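Okay, structure first, notes after.
No experiment lies behind these values; they were computed from the predicted model shown.
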Amino acid sequence: MTLRKWFKLFWETLLVGAVASIITGIGLQIVSGGISFNGFSDYVAFFVILFGYGMLASVYSQLGFFAYLILNYMGNGVFSKRGWQYIQMVLTVLALLELLFFRTFVGGESGKWSDFVLGGVILIVAVIVAYFKARMTNVSAWIPTLFFLIAVTIIEIVGGLKINVDNATALIVIPLLACNAFQILILHRIVVNKKS
């Protein structure tokens, strides 16, 4: 990966995060109507805040993406290819189970259906993205894509889960998922080796 390719990826991911945040914010406002606007300046401030938040979420997503790339490189170096795939599968399942029961164990709450919905949404998005990634590259992309989109995304949103507000969780998860999906889907185009 060259510096120019990384720079392009950085700005494209910023844009993806900003757009996803704006769409999510508008959708949440339409559904819940939690914010009352007094004038045009309030609308402008709302969009600027959503745009900035989306850019921050995309930077957070990029930190997770490069941490995943380093972890994947080290995992492939230490373990056999098949062994590293098994480890990724186990970590993915553990992360998903942790998400489903996080608030129950940490907050002592029971019957938190939003955790099951969130886990289901992340799982569905991960499977769809992994399907397209495998079609674009090869079948061995399934497990790393699922690992990144489930385990790494869950690690990225753990702090947001402590807020314990469903709208805030949606505003955190959707831009992160969009950025993570974008980065993993475009990765093979960035690191492709050109034959001289």
Side-chain angles (χ1 to χ4, degrees), residues 1-21 24 52-100 102 106 118-119 121-130 132-134 136-137 140-163 168-193:
M1 180 183 295
T2 64
L3 191 57
R4 184 190 312 165
K5 289 179 181 179
W6 175 81
F7 195 67
K8 183 180 177 193
L9 176 66
F10 176 79
W11 288 107
E12 287 175 348
T13 309
L14 277 179
L15 184 62
V16 168
V19 170
S21 179
T24 305
Y53 177 77
M55 289 179 20
L56 287 174
S58 75
V59 171
Y60 196 57
S61 168
Q62 291 180 61
L63 289 172
F65 181 64
F66 284 104
Y68 160 75
L69 291 178
I70 292 168
L71 178 67
N72 193 44
Y73 179 76
M74 290 172 39
N76 282 321
V78 172
F79 304 104
S80 67
K81 185 171 183 169
R82 187 169 296 269
W84 178 234
Q85 286 184 340
Y86 287 138
I87 291 169
Q88 288 181 81
M89 284 192 301
V90 169
L91 291 175
T92 301
V93 170
L94 288 175
L96 196 56
L97 290 173
E98 190 269 338
L99 172 67
L100 296 176
F102 179 76
V106 172
L118 179 60
V121 167
I122 290 174
L123 179 62
I124 290 168
V125 169
V127 168
I128 292 169
V129 172
F132 285 110
K133 180 69 175 182
M136 287 187 241
T137 57
S140 66
W142 267 95
I143 293 172
T145 304
L146 289 174
F147 174 71
F148 175 66
L149 284 174
I150 295 174
V152 175
T153 301
I154 289 171
I155 290 169
E156 291 171 344
I157 66 169
V158 164
L161 293 176
K162 293 179 182 177
I163 296 171
T169 302
L171 197 56
I172 291 167
V173 171
I174 294 172
L176 280 174
L177 263 179
C179 292
N180 286 347
F182 172 74
Q183 290 175 105
I184 201 73
L185 285 173
I186 204 166
L187 177 64
H188 66 279
R189 294 182 185 162
I190 293 173
V191 297
V192 66
N193 292 326

Between the main-chain N or O of [Y] and the side-chain N or O of [X], is there a donor-acceptor pair closer than 3.5 Å?
X: Q183; Y: C179; result: yes
X: K133; Y: T145; result: no
X: S21; Y: A18; result: no
X: S61; Y: A57; result: no

Audit row: N72, Q88, side-chain contact (heavy atoms from CB on, under 4.5 Å) steps and yes/no: CA-CA 9 Å; N72 193 44; Q88 288 181 81; 4.1 Å; yes
Specify whether F7 and W11 have parallel, tilted or perpendicular ring planes, treating 30° as the upper limit for parallel and 60° as the lower limit for perpendicular.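 Plane angle over 60°, so perpendicular.
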Residue pair [X] / [Y], side-chain heavy-atom distance below 4.5 Å:
X: L69; Y: Y73; value: no
X: L63; Y: E156; value: no
X: L71; Y: V152; value: no
X: W142; Y: T137; value: no
X: Y68; Y: F147; value: yes
X: L118; Y: I157; value: yes

Of all heavy-atom pairs between [X] and [Y], which one has the smallest distance, and what is that distance?
X: L96; Y: G119; answer: CD1-O, 3.8 Å
X: I186; Y: E12; answer: CD1-OE1, 3.8 Å
X: A95; Y: I154; answer: O-CD1, 3.4 Å
X: T153; Y: L149; answer: OG1-O, 2.9 Å
X: P175; Y: T24; answer: CD-OG1, 4.4 Å
X: A126; Y: I150; answer: CB-CG1, 3.5 Å

State the [atom1]-[atom2] distance between [X] and [Y], to the nearest 0.5 angstrom.
X: F79; Y: I87; atom1: CZ; atom2: CD1; answer: 3.5 Å
X: L187; Y: R189; atom1: CG; atom2: CZ; answer: 11.0 Å
X: I174; Y: L177; atom1: CD1; atom2: CG; answer: 8.0 Å

Heavy-atom neighbours of F132 CZ exceed 12 at 6.0 Å: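 Atom CZ in F132 is not crowded, with 12 or fewer foreign heavy atoms closer than 6.0 Å.
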Hey, is CE on M136 packed in by over 12 heavy atoms from elsewhere, all under 6.0 Å?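 Check passes, neighbour count above 12.
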Test applied, ring-ring contact (aromatic ring centres under 6.0 Å, His included); reference residue, F65; option that passes from F148, Y60, W6: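 Single pass found, and it is F148.
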